[in-house]
Amino acid sequence: VLLAASVWDASACNSMTIAYQSDSSGFVSLLGYAIIVYGFASDVLIFNEKLVALQLLGALLIFTATFVVAVFKLCEAKKQRL
C-alpha cells in the first residue's frame, strides 16, 4: 500500500509540474483546491471520521467557488482567442 501511495504521489507531482509548464499558473493552482474534497473523502473512507455539516458546507463552498472561477477563466480565455 505504501509503494502504491508513493507512486501515486510521484505521478501527481510530475503531472502538476507538466501542468504548470503548459498553462497559466493561476488556472492550475485553482485546480489544486479540489484536494479539499479528496481530503474529506479520505477522512471518511480511510480514517472513519464523522463529518460535521458545517465542515462539509465549507468544503463545498470552496469547491463551488473554485469551479465557478475556473469556468469563468476558461470562458474568458476562449473569448480572447476569437
Side-chain angles (χ1 to χ4, degrees):
V1 174
L2 188 59
L3 179 63
S6 299
V7 170
W8 189 264
D9 187 50
S11 66
C13 288
N14 287 333
S15 298
M16 287 298 287
T17 301
I18 292 169
Y20 275 116
Q21 291 173 347
S22 300
D23 202 358
S24 68
S25 61
F27 181 72
V28 175
S29 63
L30 273 175
L31 295 177
Y33 285 111
I35 199 165
I36 293 171
V37 175
Y38 296 125
F40 277 103
S42 67
D43 281 347
V44 171
L45 297 174
I46 297 171
F47 301 114
N48 295 324
E49 291 284 327
K50 303 238 189 242
L51 284 181
V52 178
L54 190 59
Q55 292 173 335
L56 186 60
L57 179 66
L60 289 176
L61 182 66
I62 292 169
F63 184 72
T64 303
T66 302
F67 182 75
V68 168
V69 170
V71 168
F72 180 75
K73 283 185 167 252
L74 284 174
C75 290
E76 288 295 316
K78 197 170 202 178
K79 284 181 186 177
Q80 289 179 357
R81 285 187 213 151
L82 297 175

Checklist line | Close side-chain approach of F40 to L51, heavy-atom, < 4.5 Å | finding: yes
Check: Got more than 12 heavy atoms from elsewhere within 6.0 Å of CG, L45?
Finding: yes
Margin query: I need the T66 OG1 to L61 CG distance, nearest 0.5 Å.
Written below: 9.0 Å
Checklist line | Closest heavy-atom pair and its distance - Q55, K50 | finding: OE1-O, 4.4 Å
